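Counting starts at 1 for both ligands and their atoms, in listed order. All values reported here derive from a predicted model rather than from experimental measurement.
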Amino acid sequence: MEGRRIAALVGNPNAGKSALFNALTGARQKIANYPGVTVERKAGRLILPSGAPIELTDLPGSYGLAATSPDEEVTRKVILGEFPGEPAPSVLVVVLDASNLEQHLVFAQEVIALGRPAVVALNMVDLAERDGLVISADALQEALGVPVIETVAVRRRGLAELTAAIGEAQERQHGAPHPPVPLVERRVTAHAIAEAAIVSESRRHRLHARLDRLFLHPWLGPLILFALLFVVFQAVFTWATPFADGLEGAIGWLIDLTKAALPESLLRDLLTDGILSGVGSVVVFLPQIVILFFFILAMEASGYMARAAFLMDRLMAGVGLSGRSFIPLLSSFACAIPGIMATRSITDPKDRLTTILIAPLMTCSARLPVYAVIIAAFIPNVAIWGPVGLQGLVLLGLYVFGIIAAMAVALVLRHSVTKGAASGFIMELPKYQMPRLQDLLIGLWQRAWIFLRRAGTIIFMVTVALWLLLNFPRAGEGQSQVDASIAGRIANGLAVVVEPIGFNRDIALSLIPAMAAREVAVSSLATSYAVAETDENAQAQQLGDRLKADWTLPTALAFLAWFVFAPQCMSTIAVTRRETNGWKWPGFMLLYLFALAYIFAGITYWSAVALGL
Ligand SMILES: Nc1nc2c(ncn2[C@@H]2O[C@H](COP(=O)(O)OP(=O)(O)OP(=O)(O)O)[C@@H](O)[C@H]2O)c(=O)[nH]1
Ligand SMILES: [Mg+2]
C-alpha cells in the first residue's frame, strides 16, 4: 500500500461526480439525473501532467460527514481515511453544482475544513449559464481558500485544468483541521459565499432569490406561512358557502321528491332517513374539500410547499424528528394512509416509527366535514377583524392544535419509546413555477373523486347498517324508536362512559359507526335524527339546526376536541399494522390516541362549563 496515492471525488448527490469520474478515467459509471445514484466507492486511474498515476475514487453523494445512511457512511469513512485497507486520500476533489451553489457549499465547507489538500470542481457551469448565472471562480477560491476549477463534465470542459490542479494539490502537505462548525452556521456562510461569488444573474433568477430571501426569512418566513394558511381557512368557509347551500338544497329537494313519489313504507324511510340524509350530509362538504385542496395543490406546484418544509425543518429538529418526516406528515393532511406509507423513505427506524405514530394527528380531510358541521352550527358567523371571520379562525385553530399535539407527542416519544438522536436533513429546493391550470384541475378532480367514492361506498354502507340497527326491533306504542333499537341500546351503554366528558347519547351513537371513517360521525347524526323525528316538518330541519337545538356549546367544543385526537379510522390502523409488522404499534396508537381524545374532550367540556359558555 506504500506509495498508493488517492484522489477522492466528494460532494452532494447529483453534483456530477460520476460524470467527472467517467470523463477523467474513461470508466463507465452509471450516471443519472437524480440524487443517490452511486451507492458504493469505485476506483479508476488518472494520469497526472507529471506522468505519475493517481488513483481516482468516485464516492456516493453525501450531505454531510455525520452519515445517516449506509451509502453516506462509505463516503465518510473514505474521506476520513477510516475505510479498511485504504490510505486516506491525498487530495479531495470537491464537486459543486454551480446552478445550485449555495446548497452544495454547505457540505463543501465541512470537507475543506478537514485541512486535507483539496480542489474544487465547479461543475455544471453550463447549466448555471443557461439560468443566467455568472459565477466568479476567483471569488469562490478566495472565500474557500482552495483552487476552484470550472468544469462541464458531460462536455469534457475544464478536465485538463482540473487534472493539473489535482497534481499540484497532491504535492501539498496535509494542513491542520479546523474545528467543526455547526450545520446552521455553515448554511449561513454558504449563503454569504454564494452571494459574493455570483456576479450576475438573470432577472428571473434574481426574482427567485428574492422570493427565497422573503419566504425563508427566520421570522418573516413563518409569519407569511401562517398568514397564507389563515387565508386558506377563511376561504374554506366563505367561498364554499353558496355551493354548500346549493348542494344542501338539492339534497332536501331529492328527499321531498322521494317522499312524494313513494307510499309510506320502511323502504321509503331507508331512502330518505338513511341514505339521502346520511350520505347527503357528508356530500355537502365537497366544495370545502375542493377549496382546501386547491390551495394545497397550488402551494405544492409553485414550489412554495418545499419552502414551508424548509421552515418546518427547524421545528421538527426541535422535537427530535428529521426533516424527512415532513413530506409524510404533509401527505397526512389529505389522509394518514398515504402519509404512513410515505414514511418508507425515512432511513432511521425510530424516526420512521415516531412519524407513523403521530401521522393520525395531522388533520385529514375526513375530519373536515365533522369540524365544519359543528363550527357552522355553534360558532357565530361574525367578522372579528376586517374580513377575518371567527369560523375560519376556529377551523385554523383546530388544524394548529393537531400539529402542536403531534409535535408534543413526538417529543415525548423521542424521550421514551422511540429514544434516539434526530438526524439532520437538507432538502433540494425546487425552482419556483407558476402552477399549470390543467394540472391543478386534474389534481382537484382526483381529490373530489376520492371523497365522493368514500361517500358512495364506505359511508353509504355504514349509514345503511346504522339505519337498520336504528329501526329494529320496532318500537312499541309510546316508545321512541331510537330507545327501542339495537343501536340505541348500545349507545345507552356507551353513553355512561362518555357522559363525564360532556357527550350525550346522540354522540355516543355516532362514535361506533365512525370507527369506519370519521365523516360517518356526521352521517350517523343525520340518520339518527331523521329516524328519531316523527314530525314530518321537523324532519326537514337541517342537521345544523338540530344540533344547535339539542347540544350545548361545551358539548360541541368537547366533540371538536375529541376529533382532533380520536383514531377513528380502521384503515389507518390496518396500514400501521402492515408497516410495523405486528399489532404492537397500532395497538399502542389506538390506546394513546383514545386516551388523549378522552382527556382533551373532558378538559374542553369542563373548562367551557366553568367559563359559563
Ligand atoms: N449539463 C450538465 N450536466 C451534467 C454535468 N455533470 C453531470 N451532469 C449530469 O448531471 C446528472 C448527475 O450526474 P452524476 O455524475 O450521476 O452525479 P453524482 O454526483 O455522481 O450523483 P450521485 O451518484 O447520486 O451522488 C447526470 O444526468 C449528468 O449527466 C455538467 O457539467 N453539465
Ligand atoms: Mg455518482
Side-chain angles (χ1 to χ4, degrees), residues 6-44 46 55-79 83 89 91-108 110-112 118-135 137 140 148-163 165-166 197-198 202 205 324 345 347 425-431:
I6 294 180
L9 290 159
V10 294
N12 284 21
N14 216 32
K17 298 176 295 300
S18 302
L20 267 178
F21 178 80
N22 289 350
L24 289 169
T25 64
R28 296 221 177 277
Q29 273 277 37
K30 181 177 165 143
I31 58 175
N33 188 19
Y34 48 81
V37 176
T38 309
V39 290
E40 47 181 18
R41 55 174 271 290
K42 280 275 152 35
L46 169 67
E55 207 176 303
L56 192 66
T57 311
D58 180 25
L59 292 175
S62 176
Y63 291 111
L65 288 176
T68 52
S69 54
D71 55 342
E72 287 184 323
E73 177 88 18
V74 172
T75 300
R76 192 183 63 111
K77 283 197 169 145
V78 171
I79 296 177
F83 200 85
V91 183
L92 294 173
V93 183
V94 183
V95 185
L96 300 180
D97 171 357
S99 65
N100 225 334
L101 191 57
E102 180 173 337
Q103 180 124 57
H104 284 230
L105 280 171
V106 178
F107 180 42
E110 198 180 11
V111 174
I112 293 168
V119 177
V120 167
L122 183 61
N123 195 36
M124 307 212 184
V125 281
D126 56 331
L127 292 185
E129 280 160 13
R130 187 202 60 190
D131 289 352
L133 280 171
V134 177
I135 299 172
L140 209 53
V148 175
I149 315 294
E150 292 182 26
T151 61
V152 179
V154 287
R155 302 241 154 62
R156 309 186 62 85
R157 228 170 88 186
L159 295 187
E161 292 87 337
L162 184 62
T163 313
I166 294 172
I198 295 172
S202 68
H205 206 95
R324 282 180 217 252
S345 66
T347 32
F425 140 100
I426 303 177
M427 199 162 80
E428 302 266 344
L429 291 177
K431 298 218 157 61

Counting heavy atoms under 4.0 Å, the part of Val152 that contacts ligand 1 is both
I'd like to check whether Asp58 has a polar contact with ligand 1, where a contact means an N/O of the residue lying under 3.5 Å from an N/O of the ligand. no
Ligand 1 atoms in contact with Gly61 (distance to a heavy atom under 4.0 Å): 25 (O)
Ionic contact status for Glu129 with Arg155, cut-off 4.0 Å: no
Check: Ile149 and Val119 side chains under 4.5 Å, non-hydrogen atoms: yes
Compute the shortest N/O to N/O distance between Ala153 and ligand 1 and return yes if it is under 3.5 Å, no if not. yes
Is the shortest N/O to N/O distance between Arg155 and ligand 1 below 3.5 Å? no
Is Leu127 close to ligand 1, meaning an N/O of one under 3.5 Å from an N/O of the other? no
Tell me, do Val125 and Ile135 make a side-chain contact under 4.5 Å, heavy atoms counted? no
N/O separation below 3.5 Å, Met124 to ligand 1: yes
Close side-chain approach of Phe21 and Thr57, heavy atoms under 4.5 Å: no
Would you mind listing which atoms of ligand 1 come within a distance below 4.0 Å of any non-hydrogen atom of Asp126? 1 (N), 2 (C), 30 (C), 31 (O), 32 (N)
Taking only residues two or more places apart in sequence or in another chain, which ones pass side chain to side chain donor-acceptor pair (under 3.5 Å) with Thr25? none
Based purely on interatomic distance, does Gly16 place a nitrogen or oxygen under 3.5 Å from a nitrogen or oxygen of ligand 1? yes
May I ask whether Gly11 places a heavy atom under 4.0 Å from ligand 1? no
side-chain contact (heavy atoms from CB on, under 4.5 Å) against Ala15, all qualifying residues, sequence neighbours excluded: Lys17, Val95, His104
Applying a heavy-atom cut-off of 4.0 Å, say which part of Asn14 lies close to ligand 1: side chain, backbone, both or neither. both
Using distance alone, decide if ligand 1 has a nitrogen or oxygen within less than 3.5 Å of any nitrogen or oxygen in Pro13. no
How long is the span from the CG atom in Leu140 to the CD atom in Glu150, to the nearest 0.5 Å? 9.5 Å
Let me confirm one number: the CD1-CG distance from Ile166 to Leu9, rounded to the nearest 0.5 Å. 7.0 Å
